[in-house]
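Residue numbering restarts at 1 for every chain, and letters A, B, ... go by the order of the sequence lines.
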Amino acid sequence: MTFPTAPAPHVVAHDSVGRVMRIVIYALLPTVALHVVFFGAGLLVQIVLGAATALISEALALRLRRKPLEPFLKDGSAIVTAMLLALCLPPLAPWWLVVSGTAFAVLLAKHLYGGLGANPFNPAMVGYAVLLVSFPVQLLQWLPPAGMDIEHVKLSIGETIQAILTGSLPSRLTWDAVTSPTPLDALRTNLKMGMTMAEAQAAPIFGTLGGRGWEWINVATLAGGLALLQLRIIRWHIPVAMLSAIVVCASLMYMIDPGTYAGPIFHLTSGASVLGAFFIATDPISAATSDRGRLIYGAGIGVLTYVIRTWGGYPDGVAFAVLLMNLSVPLIDRYTIPRIYGHAR
Amino acid sequence: MTARELLAGGLRIEAHKQRSTKAPIRAASLVERYVIPLDQHSGLPAVPLVKPADRVRMWQPIAQPAPGISAWLHAPVSGEVIAIEPRPAPHRMGAPTLSIVIANDGRDERFDNAAAIVSFEQISPNEACEHIARGGIVGLGGAAFPTANKLESSLCENGPQLLLNGAECEPYISCDEVLMRERAEDIVFGARALLHALCSPNCTIAIEDDVPEAQAALRQAVDKAADPRVRIKVVPAIYPAGGERQLIATVFDAEVPHDGLPADIGVVCQNVGTAAAIARWIRDGQPLVSRIVTVTGDGVREAGNWETRIGTPFSSLIADCGGYTERMSRLIMGGSMMGTSLSHDDLPVVKATNCIIAASALDLQPRGLEMPCIRCGNCSQVCPAFLLPQQLHWYLQPFDGGQLARHGLLDCIECGCCDYVCPSQIPLVERFREAKPLLTRELDAHLSAHAARARFLARNERLARLEAEHRAKLAEKRRPKNEPTS
Amino acid sequence: MITALVTIVVLAALAGVASVATAGAPREISLADRIDALLPQTQCRRCTFEGCRPYAEAIARGAADINQCPPGGERTAKALAGLMGVEPKPVGKEFGVVPDHPAVAFIEEDACIGCTKCIQACPVDAIVGASRHMHTVIAADCTGCELCIPPCPVDCIVMRPAPAVAR
Ligand code: SF4
Ligand code: SF4
Ligand code: SF4
Ligand code: SF4
């Protein structure tokens with residue numbers, strides 16, 4: 001009787017890239033749901049468009065690179081990229097925005113560098129940065145959140161799709177009536193106009209903690225992120241380092257001059273802080289490697305996010321902060337190789 | 001804090017020991033022929049003391065150690081030596097190696113070993129070491145390092161601390177667990193003999209927290225011996241807690257230097273099975289001619305632990321277990337994490353055979369398709385050597401010797417933890433195993449280039465100096481001639 | 001005002017961190033040292049220089065090309081090209097060829113007349129022996145440069161495969 005042989009270990013855990021990515025997608029669902037509650041079904045349309053573009057681009061790139069299609073299309077990484085990008089876009093943004101951004105992310109930021117596992121930059125953030133630099137106007141046209149006492153225009157699904165695909169609204173509405181800046185953006189503009197912090201935050205789009213609606217979306221994101229932590233898909237180093245860095249910076253500046261700088265709670269609950277900390281910065285492929293490296297990497301993102309938000313030219317800094325820190329990963333990795341067993345420090 | 005760092009590495013793997021520990025230790029059936037490979041311990045092969053057609057009696061020495069690191073071998077049965085020839089051996093992955101083949105006459109006539117029985121308190125530590133060597137005792141944890149050689153190299157001024165390894169972390173192996181349950185007294189006896197041979201101040205027996213029955217038995221035996229030097233330490237059941245270096249870190253909170261031995265930090269580690277074997281030799285005169293072998297896996301009808309004479313073919317043990325099931329697919333010697341898979345079962349049990357796994361697809365779960373590394377970091381979280389396997393993997397293709405050395409490829413203990421958790425199903429350990437000799441060669445070349453450069457520069461300097469001296473002498477010679485004219 | 005202050009403080013802190021991080025870096029390694037580190041140290045002079053170090057200095061001066069070392073082969077040529085920032089190219093045939101497997105010199109002791117000529121030729125002091133007594137090569141120290149072969153008056157030196165490195 002002869003038996004086939006194989007190298008040790010003979011038993012391995014049943015895990016796959018697909019499972020990891022699927023869990024990330026599920027963990028994003030609460031965020032998506034609340035997003036839809038506050039801003040309408042636009043996001044769903046954007047995700048469908050983005051996911052379709054991502055899969056088509058992925059298939060195209062794989063075909064060009066002569067790689068097997070099935071395992072890579074099934075691994076779910078392209079869909080995660082599409083979802084993260086869609087979450088950063090205004091819900092009624094025109095279709096070509098999400099399509100070109102996702103295609104850019106998958107084709108150039110991912111496959112040009114060698115595909116899954118080899119991209120030095122977070123593809124979704126590359127896509128977003130490219131869109132933000134090229135089409136700033138479209139990207140800043142956010143919607144006012146539903147509920148409370150803000151004037152909010154409710155669009156039906158059909159009207160939403162029509163708005164995204166054709167750019168035309170039902171005749172009863174104008175673009176000016178349905179759009180509003182994001183809280184971070186509004187804050188910046190108001191402060192620029194010489195308002196004090198209290199006056200600036202008096203606008204109805206601000207809630208008790210941060211941006212109205214955004215507060216709850218961020219809580220949902222936090223829940224999803226904690227689930228990822230619990231399932232050991234991500235580890236605590238990057239989120240904790242990034243959020244603490246934001247808190248430290250914001251508290252410092254708030255203590256220096258509460259009239260000009262928003263407090264730490266506002267920064268945590270507005271914009272993409274939480275999404276960035278748990279879902280974007282934790283993308284392992286483009287993050288630093290060792291635990292210590294990840295602490296530095298996360299803290300760097302936090303500081304840069306705060307700096308760009310406060311003094312930079314863009315309303316939210318997460319995307320650029322992530323990309324800048326992606327850039328410094330080789331350096332961080334070089335100086336943070338952990339001590340090996342049996343070697344002196 | 002090394003202990004905490006160790007907990008950060010390693011894995012909790014679901015144990016598969018219940019099946020094999022249900023029944024007590026049983027004696028394996030006797031067979032007609034026993035095959036004793038001469039190189040079944042680490043170090044040099046033993047030198048035969050018998051020739052074909054010689055009659056041997058049970059427990060008679062049949063091969064003596066070669067000078068250096070080597071061990072004695074003894075006949076497991078009485079009978080006739082029918083050949084000394086290459087036979088396939090499991091520790092050589094089935095390749096043939098010179099072996100003594102003995103035909104069993106079934107009479108189990110004992111060799112007169114009365115002189116072997118000694119009271120170890122009466123002999124000097126050095127004599128005790130020598131005596132242990134004559135029993136053919138080797139480490140029974142899997143590496144089969146000759147015990148006497150280890151003891152000799154560990155002797156130090158005030159005596160090293162003794163660590164008995166009962167932490168059997170491989171998920172399928174249970175031979176040490178049943179040994180501790182049923183023969184705890186042997187272990188304690190052997191421990192005290194080792195304490196004497198090493199002039200060691202104390203002995204720690206490490207046992208995992210998930211084997212309460214073995215713990216209780218061991219506690220009882222320790223209490224009975226009433227020897228204050230022997231203590232028990234419970235360690236968490238984390239793979240690979242039973243790896244020598246990992247166990248030392250857990251128990252003593254100290255690390256073995258990467259280029260050194262446990263003795264360098266005053267510790268000597270032995271397996272509990274080795275201690276029990278020493279007890280049988282010193283107390284009963286029985287050399288190491290049999291050991292407990294776990295036979296388990298979904299590929300055999302009945303699992304169990306068998307007291308097996310060295311040289312028994314695997315196939316006989318499998319037959320004792322009721323034969324293979326239809327699902328049988330892979331034969332493994334050792335554990336599921338670090339064992340070697342073998343292509344057939346016509347191989348003898350050797351001193352290192354702690355476990356035979358007849359694995360079915362249920363045990364194995366086919367590996368998924370290999371995907372690119374997504375740098376998830378699971379592997380570095382579990383690496384007990386605190387390496388970054390994802391970086392090692394990155395620097396393998398293309399091979400970057402400098403970075404591989406910096407990232408500690410040679411410190412990888414091939415435990416398989418990284419492989420186990422990798423979502424991309426990358427066979428990391430296999431790659432690391434293949435790359436190690438390449439890196440060693442590259443580092444050697446580097447070292448010799450360094451030495452050659454030094455000798456070249458030294459030579460140039462010497463030549464320049466000789467040249468200068470020569471010139472000076474010439475000048476000296478010329479000067480007196482010129483003097484009168486000036 | 002505060003903005004400017006904070007920016008200055010942050011930048012200063014970053015600069016401080018950067019200087020601390022790079023403080024441990026080794027300083028002042030000459031280009032010739034770095035080239036020399038890439039050369040195989042066979043000292044065989046096939047490159048037309050008096051050894052690896054002189055060749056390294058020549059490259060550093062710009063007086064030699066990067067493709068002159070046969071023992072280093074393609075790997076060394078590539079590494080040198082990388083260091084010097086030039087296009088890699090194959091080792092020039094005119095500099096000779098070396099055997100695929102590492103070899104060391106061996107003196108056939110019965111034939112050796114003890115002339116010491118090979119001792120003088122060996123660039124790395126790998127041959128021992130006294131005048132008119134049999135000489136021998138220390139295999140572990142021999143780089144296989146073959147420089148000892150031509151001077152031998154009785155042709156008793158042969159190249160043999162290098163013994164495996166004992167560990
Ligand atoms: S576990 Fe596998 S996929 Fe994850 S970082 Fe390690 S090698 Fe890469
Ligand atoms: S096999 Fe090597 S690299 Fe992998 S976990 Fe074990 S020691 Fe670390
Ligand atoms: S050719 Fe010979 S002497 Fe010249 S660099 Fe290469 S090994 Fe050194
Ligand atoms: S012994 Fe001969 S071949 Fe070896 S290094 Fe010396 S001169 Fe070169």
Side-chain angles (χ1 to χ4, degrees), chain A residues 1-21 23-24 67-68 70-72 74-75 77 80 114-120 232-235 237-238 282-291 293-294 329 333-334 336-345, chain B residues 13 93 171 245 249 255-260 324 328-332 334 336-345 357 359 363-365 367-369 371-378 380-381 384-388 390-391 406-408 411 414 416 419-425 427 429-430 433:
Chain A
M1 200 159 181
T2 62
F3 312 107
T5 58
H10 303 284
V11 178
V12 294
H14 214 52
D15 202 353
S16 67
V17 179
R19 187 189 77 101
V20 172
M21 296 295 171
I23 293 179
V24 174
K67 297 265 172 190
E70 199 202 313
F72 289 98
K74 271 194 182 162
D75 70 24
S77 60
V80 171
L116 180 68
N119 46 294
R232 294 178 149 263
I233 299 294
I234 61 171
R235 277 165 245 280
H237 307 84
I238 295 175
T282 49
D283 162 32
I285 296 172
S286 52
T289 307
S290 65
D291 290 349
R294 287 179 172 186
V329 159
D333 277 353
R334 204 189 145 93
T336 54
I337 300 177
R339 189 188 63 85
I340 296 166
Y341 179 102
H343 288 255
R345 174 80 266 170
Chain B
I13 305 180
M93 303 180 85
R245 287 168 185 245
E255 288 184 9
V256 183
H258 67 105
D259 51 359
Y324 294 117
M328 166 63 188
S329 73
R330 194 183 297 174
L331 185 68
I332 300 161
S336 60
M337 296 297 286
M338 293 180 77
T340 11
S341 71
L342 299 162
S343 60
H344 63 93
D345 59 10
I357 306 176
D363 295 305
L364 299 173
Q365 297 183 355
R367 251 184 209 261
L369 181 79
M371 296 284 282
C373 167
I374 54 168
R375 308 182 63 76
C376 66
N378 287 355
S380 52
Q381 293 291 319
F386 320 141
L387 304 179
L388 298 172
Q390 69 271 54
Q391 297 294 74
R406 244 165 77 83
H407 283 84
D411 291 292
E414 298 178 21
D419 232 330
Y420 187 89
V421 296
C422 176
S424 291
Q425 305 278 317
V429 184
E430 191 191 354
R433 209 181 288 131

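Between chain B and the options A:Ala6, A:Ser77, A:Pro71, A:Ser290, heavy-atom pairs under 4.5 Å are most frequent for A:Ala6. For the options B:Ala359, B:Gly368, B:Gly260, B:Ser329, heavy-atom pairs under 4.5 Å to chain A are most numerous at B:Ser329.
With a 4.5 Å cut-off on side-chain heavy atoms, A:Arg232 and B:Cys376 do not count as touching. Annotation: side chain of A:Pro9 is in contact with side chain of B:Val429 (closest heavy-atom distance under 4.5 Å).
Nearest heavy-atom pair, A:Ile285 versus B:Arg375, reported as atom, atom and distance to 0.1 Å: O-CD, 3.3 Å. When all heavy atoms are compared, the tightest approach of A:Ala8 to B:Met337 is CB-O, 3.4 Å. The two atoms that bring B:Ser343 and A:Thr5 nearest to each other are N-CG2, 3.6 Å, heavy atoms only.
Heavy-atom distances place the backbone of B:Asp363, and not its side chain, under 4.5 Å from chain A. For B:Ile332, the part sitting under 4.5 Å from any heavy atom of chain A is the side chain, from C-beta outward, and nothing else. At a 4.5 Å heavy-atom cutoff, the contact between B:Asn378 and chain A is made by backbone and side-chain atoms alike. Neither the backbone nor the side chain of B:Met93 has a heavy atom closer than 4.5 Å to any heavy atom of chain A. Only the backbone of B:Leu342 has a heavy atom closer than 4.5 Å to any heavy atom of chain A. Using a 4.5 Å cut-off between heavy atoms, B:Arg406 touches chain A through backbone and side chain atoms alike.
Using cut-offs of 30° and 60° for the angle between ring planes, the B:Tyr324 and A:Phe3 rings count as perpendicular.
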